[in-house]
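Residue numbers start at 1 and run along the sequence shown.
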Amino acid sequence: MRRRARRVSDDSEVDMTPMLDIVFIMLIFFIVTAKFITEQGIDMTQPPPNDNPPDDNAKRAIAVYVDNNDRCSVDGGPVFCDAVPLRVEKLLTDKPGASIILKINEAASHGLMVELKDTFDEGGYTSKIEIIPNGV
């Protein structure tokens, strides 16, 4: 008897069903065991009303004005520009927690503005700069 040689077909296909089953089982496992993060929302409840009126001296700002001729004033009183930090420190003892507003004319010297802002920042004070247009 003659044996027939078995031919291997090049058209053989791989059955992907068991692999898909494993993938779905792993997917279900990871979904079940995952911990989902609950995001915190913004608390929109308003604080209770305060019966005590705010202290006007504690929260008022200290205004430092520099005009177009580099003349300084603190809270309306004229001061030499070198003495502005000392005057502000004195006022901060009367108004603890007050912020400092530097109102600088746009024609004033840039170096003076930087010097005053740096002095207040080094002292740990809260300060803000406002540029005032010339002629106002």
How long is the gap from [atom1] on [X] to [atom2] on [Y], to the nearest 0.5 Å?
X: Ile28; Y: Thr33; atom1: CD1; atom2: OG1; result: 11.5 Å
X: Leu116; Y: Ile129; atom1: CG; atom2: CD1; result: 9.0 Å
X: Leu91; Y: Thr93; atom1: CG; atom2: OG1; result: 7.5 Å
X: Thr119; Y: Asp82; atom1: OG1; atom2: CG; result: 10.0 Å

(request) Would you please name every residue forming a side chain to side chain donor-acceptor pair (under 3.5 Å) with Thr17, sequence neighbours left out? (result) Asp15
(request) Work out which heavy atom in Lys117 is nearest to a heavy atom in Lys128; give both atom names and the distance. (result) NZ-N, 4.4 Å
(message) Looking at every heavy atom in both Pro85 and Phe120, which two are closest together, and how far apart are they?
(response) CA-CE2, 4.2 Å
Partners meeting side-chain contact (heavy atoms from CB on, under 4.5 Å) with [X] (sequence neighbours left out):
X: Ala107; result: Asn68, Asn105, Asn134
X: Asp70; result: Val66, Ala108, Ser109, Leu112
X: Ile101; result: Ala61, Lys103, Glu130

Flag yes if [X] and [Y] sit in one hydrophobic cluster, no otherwise; membership is Ile, Leu, Val, Met, Phe, Trp, Tyr, and two members link when side-chain heavy atoms are under 4.5 Å apart.
X: Met113; Y: Val74; result: yes
X: Met19; Y: Val14; result: yes
X: Ile132; Y: Val79; result: no
X: Val64; Y: Phe80; result: no
X: Ile131; Y: Ile100; result: yes

(request) Can you tell me which residue pairs pass the side chain to side chain donor-acceptor pair (under 3.5 Å) test with a partner in residues 71-81, sequence neighbours excluded? (result) Asp67-Arg71, Asp75-Lys95
(request) Using the disulfide bond (SG atoms under 2.5 Å apart) rule, collect all pairs that involve residues 68-111, keeping only residues at least two apart or in two chains. (result) Cys72-Cys81
